[in-house]
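We use all heavy atoms of the structure for the numbers below, so side chains are in, but hydrogens, waters and symmetry mates are not. Order of the sequence lines fixes the chain letters, A, B, ..., with proteins taken first and strands second; residue numbering starts at 1 for each chain.
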Number of protein chains: 2
Amino acid sequence: MCFNHPPASEIRLERVLYALGDPIRLKIVESLEKGVELACSAASCGLDLAKSTQSYHFRILREAGVIRTRKSGIYYMNSVRREELDARFPGLLDAVLAAAAKGCPNAAPMAGTHPPVK
Amino acid sequence: MCFNHPPASEIRLERVLYALGDPIRLKIVESLEKGVELACSAASCGLDLAKSTQSYHFRILREAGVIRTRKSGIYYMNSVRREELDARFPGLLDAVLAAAAKGCPNAAPMAGTHPPVK
DNA sequence: CCCCATGGTTCAAGATTATTGAACTGTTGT
DNA sequence: ACAACAGTTCAATAATCTTGAACCATGGGG
């Protein structure tokens with residue numbers, strides 16, 4: 001099930017902005033922006049949502065070309081398509097994440113929440 | 001009728017991204033981004049929309065803090081809140097507009113369309 | 001001054017889009 | 001083989017966009 005990842009050349013600004021323009025999805029991207037790869041449940045950790053809703057948001061991010069999803073064992077591992085986004089829209093993700101980091105110095109105090117250590 | 005412009009300190013990233021995450025509103029901001037001040041009808045020129053719809057999108061941009069609207073005579077003049085946005089989210093608008101300019105080298109061939117010369 | 005044309009707004013209705021529970025697919029561990 | 005688990009898909013409900021009609025304010029003629 002290798003999902004519908006758009007090729008880098010077809011990533012469209014409107015879709016990216018739309019994807020980032022939702023608080024839930026922005027938080028997901030933030031949590032992913034340590035450069036790490038996280039399972040859906042770990043990336044949307046703390047957000048109180050039905051899992052079908054989470055799935056929906058991951059799909060939006062995926063189809064916009066913001067994240068990449070790879071199935072590893074039982075988990076769906078997600079990461080931000082950093083290089084491709086930076087190449088296509090230089091400075092955009094940096095500016096968004098810098099702004100997000102400033103506006104919200106949230107160090108969500110997550111404790112022992114199901115680690116996707118694999 | 002001095003609208004609901006949020007003070008600079010209350011401009012929230014989520015709202016800004018949401019506002020920019022719509023093709024119509026992005027085009028409006030682009031057309032405003034010559035640093036000029038334009039009437040609504042001029043800023044949304046070329047977009048084929050009911051004027052109530054245009055009004056709605058201008059309101060979203062306004063309440064997000066992206067644009068400023070001032071009534072001058074019979075016109076509602078709009079401009080981007082450049083300095084405030086740059087101060088609050090450095091590089092964000094630059095990155096977005098650079099990306100938009102690259103993705104779409106549209107020189108919309110507008111001819112003698114009702115100029116808001118005032 | 002009265003009237004009307006004009007630029008935008010507001011309101012209520014119908015048309016997209018987001019959220020969610022239930023049922024499902026695939027993988028792992030026992 | 002089976003149960004448990006991570007995510008997906010589907011269909012129904014809730015929320016948001018779009019639009020026409022009615023409206024407000026301003027400015028320009030008679």
Interatomic distance where CE belongs to Met77(B) and C1' belongs to dT9(C) [whole Å]: 18 Å

Side chain to side chain contact (heavy atoms under 4.5 Å, CB included) partners for Ser52(A), two or more places apart: Ala50(A)

Side-chain donor or acceptor of Asn78(B) paired with backbone N/O of Thr69(B) under 3.5 Å: no

Residues that Gln54(B) engages under side-chain hydrogen bond (donor to acceptor under 3.5 Å, both in side chains), provided they are two or more places apart: Ser44(B)

Arg82(A) and Asp94(A) ion-paired at < 4.0 Å: yes

Interatomic distance, Tyr76(B) OH vs dT6(C) C1' [rounded to whole Å]: 11 Å

Distance, rounded to the nearest Å, where Ile74(A) contributes CD1 and dA6(D) contributes P: 6 Å

Pair listing, salt bridge (charged side-chain N to carboxylate O under 4.0 Å, His left out) test, anchored in residues 45-61 of chain A, at least two apart: Arg59(A)-Glu63(A)

Under 3.5 Å donor-acceptor, Arg88(B) side chain and Ser9(B) backbone: yes

Nearest non-hydrogen partners of Glu37(A) and Ser79(A), listed with the distance: CG-CB, 4.2 Å

Name the pairs: protein N/O against N/O of nucleotides 1-3 of chain C, kept only if under 3.5 Å.
none

Over all atoms of both residues, closest heavy-atom pair of Leu32(B) and Ala43(B): CD1-CB, 3.6 Å

Integer-rounded Å distance: dT28(C) C1' and Tyr75(A) OH: 10 Å

d(CG, Leu38(A); P, dA6(D)) in whole Å: 14 Å

With Glu14(A) via salt bridge (Lys or Arg N to Asp or Glu O under 4.0 Å) - residues at least two apart: Arg12(A)

Contacting residues from residues 47-62 of chain A, given that a heavy atom lies under 4.0 angstrom of DNA chain C: Leu49(A), Ala50(A), Ser52(A), Thr53(A), Tyr56(A), His57(A)

Between P of dG8(C) and CZ of Phe3(B), the distance in whole Å: 10 Å

Nearest-Å distance for atom pair NZ/P, residues Lys71(A) and dT28(C): 9 Å

Value in whole Å for how far the C1' atom of dA6(D) lies from CZ of Arg70(A): 14 Å

